Amino acid sequence: MFHATIEPCVRKRSKPASVTVNRHEVKFQEVRLYLVERKMGASRRGFLTQLARSKGFIVDDILSDDITHVVSEDSRASSLWEWLKGCGLKSLSKMQVLHISWFTDSMRAGRPAAVEDRHLIQDTLPASPESSILAPVAAISQYACQRRTSTDNKNKIFTDAFEVLAENYEFSEMKSSSVSFRRAASVLKSLSWAVKCMGATQGLPCLGEHTKTVMEEIIQSGHSFQVEKILSSERYQTLKLFTSVFGVGPKTAERWYRMGLRSFSDVLAEPDIQLNRMQQSGFLHYGDISRAVTKAEAQALGNIIDEAVHMITSDCIVALTGGFRRGKEIGHDVDYIVTTAEVGKEECVLLHVINCFKKQGIVLYCDYQPSTFHISKLPCQKYDAMDYFAKCFLILRLEASQVDGGLNCTEGDNRGWRAVRLDLVSPPMDRYAFALLGWTGSTQFDRDMRRFARMEKRMILDNHTLYDKTKREFLAASTEEDIFAHLGLEYIEPWQRNA
Ligand code: CTP
Ligand code: MN
Ligand code: MN
C-alpha cells in the first residue's frame with residue numbers, strides 16, 4: 001500500500017557508470033537522462049529508453065545525482081516537483097526537468113535538442129532544502145511561527161505515528177519526549193513535499209535519533225513496529241477511549257484504568273465513581289460530540305450567535321476562531337469570540353447570548369466562567385495557563401433545518417438534531433488581537449510563538465498581551481499583524497498556522 005507510491009529513490013554517487021549495460025555506442029557523454037515512469041508507464045518507458053540508447057544517449061534506470069536531464073510525461077508540475085524533492089537529491093537544482101516534448105525533439109534531431117522555455121517543467125513549489133544547494137534559501141526554522149503550514153499534510157504517514165508516540169508519552173507524563181515528537185510532527189506538516197527517503201530529512205530541524213528511527217521503519221516497511229505495539233496495547237486503547245469523553249483528562253483516565261476499568265460500561269457501573277456534571281454530559285451526548293463538526297454546522301452556530309447578539313446592540317463582534325478559522329473542514333468543536341467595541345461591556349454580551357440560548361431551549365450543557373482578568377496579573381508568567389477572559393464551554397442542540405446541507409449524523413438517525421460543542425470567549429476589545437491569535441491556534445503554533453518570543457526576543461506573549469522584558473513595557477496591538485510585527489516575524493495567515 002505504501003510501497004506503491006514510492007518510485008526507486010536516490011542512489012549514492014559511488015558508481016558513476018550507467019546501471020544498465022549499454023549495448024549501444026554512447027555519443028553524448030555529457031548528457032545523462034532519466035525518464036520518470038509515473039504517467040508514462042513501464043512499457044512505454046522501456047521502449048523510449050531503448051530508442052534513446054540506440055541513438056547514442058545515456059539513459060539511467062535509477063535517479064541519481066549524476067542525471068542531467070529528467071524527462072516526464074506528466075506535465076502537472078507540482079506533483080512531479082514534490083516527488084523530485086522527496087528523493088533527497090543533492091544536485092536537483094542543476095538538473096533540467098523537461099517535458100517529453102524535449103525528448104521527442106531530441107530523438108527527431110538525433111542529438112540533444114537545445115532546451116527551450118516550452119520544454120521546461122517549472123518548479124512551482126516553495127523552496128525546500130533539496131533545491132538549496134546552489135542558490136541558498138532560508139533554512140526551515142525550528143519555530144512553527146516561522147513556517148507556513150496548510151491543512152494539506154503531505155507526510156501524514158509519519159505525523160500520525162509521531163502523534164501516537166507523543167500521546168503515549170503524555171499518558172505517562174513524559175513531557176519532554178512528547179514535546180519532541182510534537183515538534184517533529186509539526187516540522188513535517190510544514191513541508192510542501194512528501195519525505196520518501198531519509199536523505200530528504202537532511203537539514204530539517206527537530207528530528208532527533210528516535211524520530212528518525214521511526215521514520216526509517218515506516219519508509220522501509222510502511223509502518224512502525226513501536227507504534228503498532230502502542231496501538232495494540234490495552235493501556236493505550238483504554239486511556240484513549242476514556243479521554244475521548246468530554247470532561248475526562250489523562251489523570252482521571254489513568255485513575256479509572258488503575259481501578260481495572262476498561263470500558264464505558266465498567267465506568268458507569270462502578271459505584272465508587274462520582275461523575276461530575278461535565279462528565280455526565282460527556283457520556284450522555286457521547287455519540288454526537290465525538291462525531292466531527294462540519295464547516296456548515298460551525299457556520300450555523302455563527303448565525304445563531306449573530307441573532308442573539310444583535311438583539312441587544314449593533315456594535316458587537318462575532319468572530320470564528322479555532323480550527324475552522326485555520327481552514328479546517330471539520331473540528332471537534334466550534335470556537336467563537338463574542339465581544340463588543342466598548343471595553344468593559346463584553347461580559348454582559350456573553351451573558352446575554354447564553355440567556356438567549358437558554359430561552360430557545362437549546363442549552364444541553366453550560367459551564368460559564370466569569371472574567372478573572374486584571375491588569376495587575378500581567379504579564380502572565382505561567383505559559384500554557386488558561387486565559388483570564390470570560391468564557392463559556394457549551395453543548396448546544398443544533399437543528400438540521402438550521403444547517404446548510406443538513407447535519408453530520410449517522411445513518412438512520414432521524415432525530416432532526418444533534419448535540420455540538422461550542423466554546424465562546426469574550427476578551428475586552430483592547431485585548432482582542434491577542435485573544436484572536438491565541439484562540440485561532442494551532443496549539444503547536446501558539447506554543448512556538450510564545451517560545452520564540454521568550455527565547456529570541458526576551459518578550460512574554462500570551463492570550464492577553466505582549467511584554468518586552470528589555471524595555472519593561474507592554475506592546476499594544478489592535479491586529480494580529482501588529483503582534484507579528486512587534487516580534488519581527490513575517491505575518492502568517494490563519495490558514496498557514498496548522499502546525
Ligand atoms: N484555547 C485557549 N484557551 C482555552 C481553550 C482553548 O487558548 N481555554 C486555544 C487553544 O490553545 C487552541 C484554540 O484555542 O489554540 C482552539 O482550541 P481547540 O478548540 O481545542 O482546538 P482547535 O484547534 O480548534 O481544533 P479542533 O478543530 O479539533 O477543535
Ligand atoms: Mn476548536
Ligand atoms: Mn475549543
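Predicted model only: the values in this text are computed from it and were never measured. Ligands are counted one by one from 1 in listed order, and the atoms in each one are counted from 1 as well.
- Side-chain atoms of Arg418 never come within 3.5 Å of backbone atoms of Leu398 as a donor-acceptor pair (strictly under, hydrogens ignored).
- Using a 4.5 Å cut-off on side-chain heavy atoms (C-beta onward), Phe324 and Gln299 make no contact.
- Contacts between Thr321 and ligand 1 below 4.0 angstrom, taking non-hydrogen atoms only, are absent altogether.
- Arg397 forms a cation-pi arrangement with Trp417, by the criterion of a distance under 6.0 Å to the ring centre and an angle within 45° of the ring axis.
- Listed by number with element, the atoms of ligand 1 under 4.0 angstrom from any heavy atom of Asp446 are 15 (O).
- Pairing each heavy atom of Thr201 with each of Lys212, the nearest pair is OG1-CE, 3.9 Å.
- Listed by number with element, the atoms of ligand 1 under 4.0 Å from a non-hydrogen atom of Asp333 are 19 (O), 29 (O).
- Close approach of ligand 1 to Asp335 is summarised as follows: ligand atoms under 4.0 Å from at least one heavy atom of the residue are 19 (O), 24 (O).
- For a threshold of 3.5 Å applied to N or O pairs, the pair formed by Ser442 and ligand 1 contains no separation below that value.
- Within ligand 1, the atoms closer than 4.0 Å to a non-hydrogen atom of Met386 are 4 (C), 8 (N), numbered from 1 in the order shown.
- Under the side-chain hydrogen bond (donor to acceptor under 3.5 Å, both in side chains) criterion, Gln369 pairs with Asp367, sequence neighbours left out.
- The existence of a salt bridge linking Glu493 and Arg325 is excluded, since no basic side-chain nitrogen approaches an acidic carboxylate oxygen closer than 4.0 Å.
- Figure legend: Lys175 and Tyr169 shown without cation-pi pairing, the cationic atom not lying both under 6.0 angstrom from the six-membered ring centre and within 45 degrees of its axis.
- Looking at Phe393, Trp439, Phe445, it is Trp439 that brings a heavy atom closest to atom 6 (C) of ligand 1.
- Val195 approaches Phe158 most closely through the heavy-atom pair O-CE1, 3.5 Å.
- Taking every heavy atom of Gly322 and a limit of under 4.0 angstrom, the matching atoms of ligand 1 come to 24 (O).
- Listing protein N, O or S atoms at distances below 2.8 Å from the Mn ion (ligand 2), with waters left out, gives Asp333 OD1, Asp335 OD2.
- Aromatic ring pairs are classed by plane angle as parallel below 30°, tilted from 30° to 60° and perpendicular above 60°; the pair Phe373 and Tyr388 is tilted.
- Heavy-atom proximity to Arg326, at under 4.0 Å, picks out these atoms of ligand 1: 23 (O).
- Looking at Lys328, Glu329, Gln444, Gln369 and measuring to atom 25 (O) of ligand 1, the nearest heavy atom belongs to Lys328.
- Remark: aromatic rings of Tyr365 and His285 are distant, center separation not under 6.0 Å.
- The ligand atoms of ligand 1 that sit less than 4.0 angstrom from a heavy atom of Gly331 are 27 (O).
- Distance alone, capped at 3.5 Å, is enough to place a donor-acceptor pair between the Asn408 side chain and the Ala292 backbone.
- Residue Gly441 approaches ligand 1 through these ligand atoms, each under 4.0 Å from one of its heavy atoms: 15 (O).
- The aromatic rings of Phe242 and Phe264 sit parallel to each other, their planes meeting at less than 30°, with 60° as the upper class boundary.
- For the pair Asp423 and ligand 1, the shortest N or O to N or O distance does not fall below 3.5 Å.
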